[in-house]
Undergrad: 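One structure follows; several queries about it will come next.
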Amino acid sequence: MLLLRLLAVLAGIGIAGSVFAYFFTRDARYLALAWRLFRYTLIIALVFFALLIVERVLVPFV
């Protein structure tokens, strides 16, 4: 769980840094990178929480 929190914090720092770099340079590459990081982080989080839910549902049957 500590590793997931660390990865979430790093992703947040990466997204915030990319948005800050976009505002500083007005280069659209940084905004695209922030959006891509956000999407991948959201997908990974949804998969992780889906696995937690599946585990909660299947454990009583074992």
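The figures that follow rest on heavy atoms only: side chains count, while hydrogens, waters and symmetry mates do not.
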Undergrad: Can you list everything that forms a side chain to side chain contact (heavy atoms under 4.5 Å, CB included) with F24? Sequence neighbours excluded, please.
TA: none

Undergrad: Got a sec, which residues hit side chain to side chain contact (heavy atoms under 4.5 Å, CB included) with Y30, two or more places apart in sequence or on another chain?
TA: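 A21, Y22, T25, D27.
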
Undergrad: Apart from L7 itself, what residues make up its hydrophobic cluster, given side-chain heavy atom links below 4.5 Å?
TA: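 Via sub-4.5 Å side-chain contacts, L7 links to L3.
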
Undergrad: For V9, which fellow cluster members are found when Ile, Leu, Val, Met, Phe, Trp and Tyr are connected by side-chain heavy-atom distances below 4.5 angstrom, either directly or through intermediates?
TA: I13

Undergrad: Name the atoms and distances for all side-chain donor-acceptor pairs under 3.5 Å in residues 38-51, with sequence neighbours left out.
TA:
| unit_1 | atom_1 | unit_2 | atom_2 | d |
| --- | --- | --- | --- | --- |
| T41 | OG1 | L37 | O | 2.7 |

Undergrad: Please write out which residues are connected to L10 in a hydrophobic cluster, directly or through intermediates, given that two of Ile, Leu, Val, Met, Phe, Trp, Tyr count as joined at side-chain heavy-atom separations below 4.5 angstrom.
TA: L6

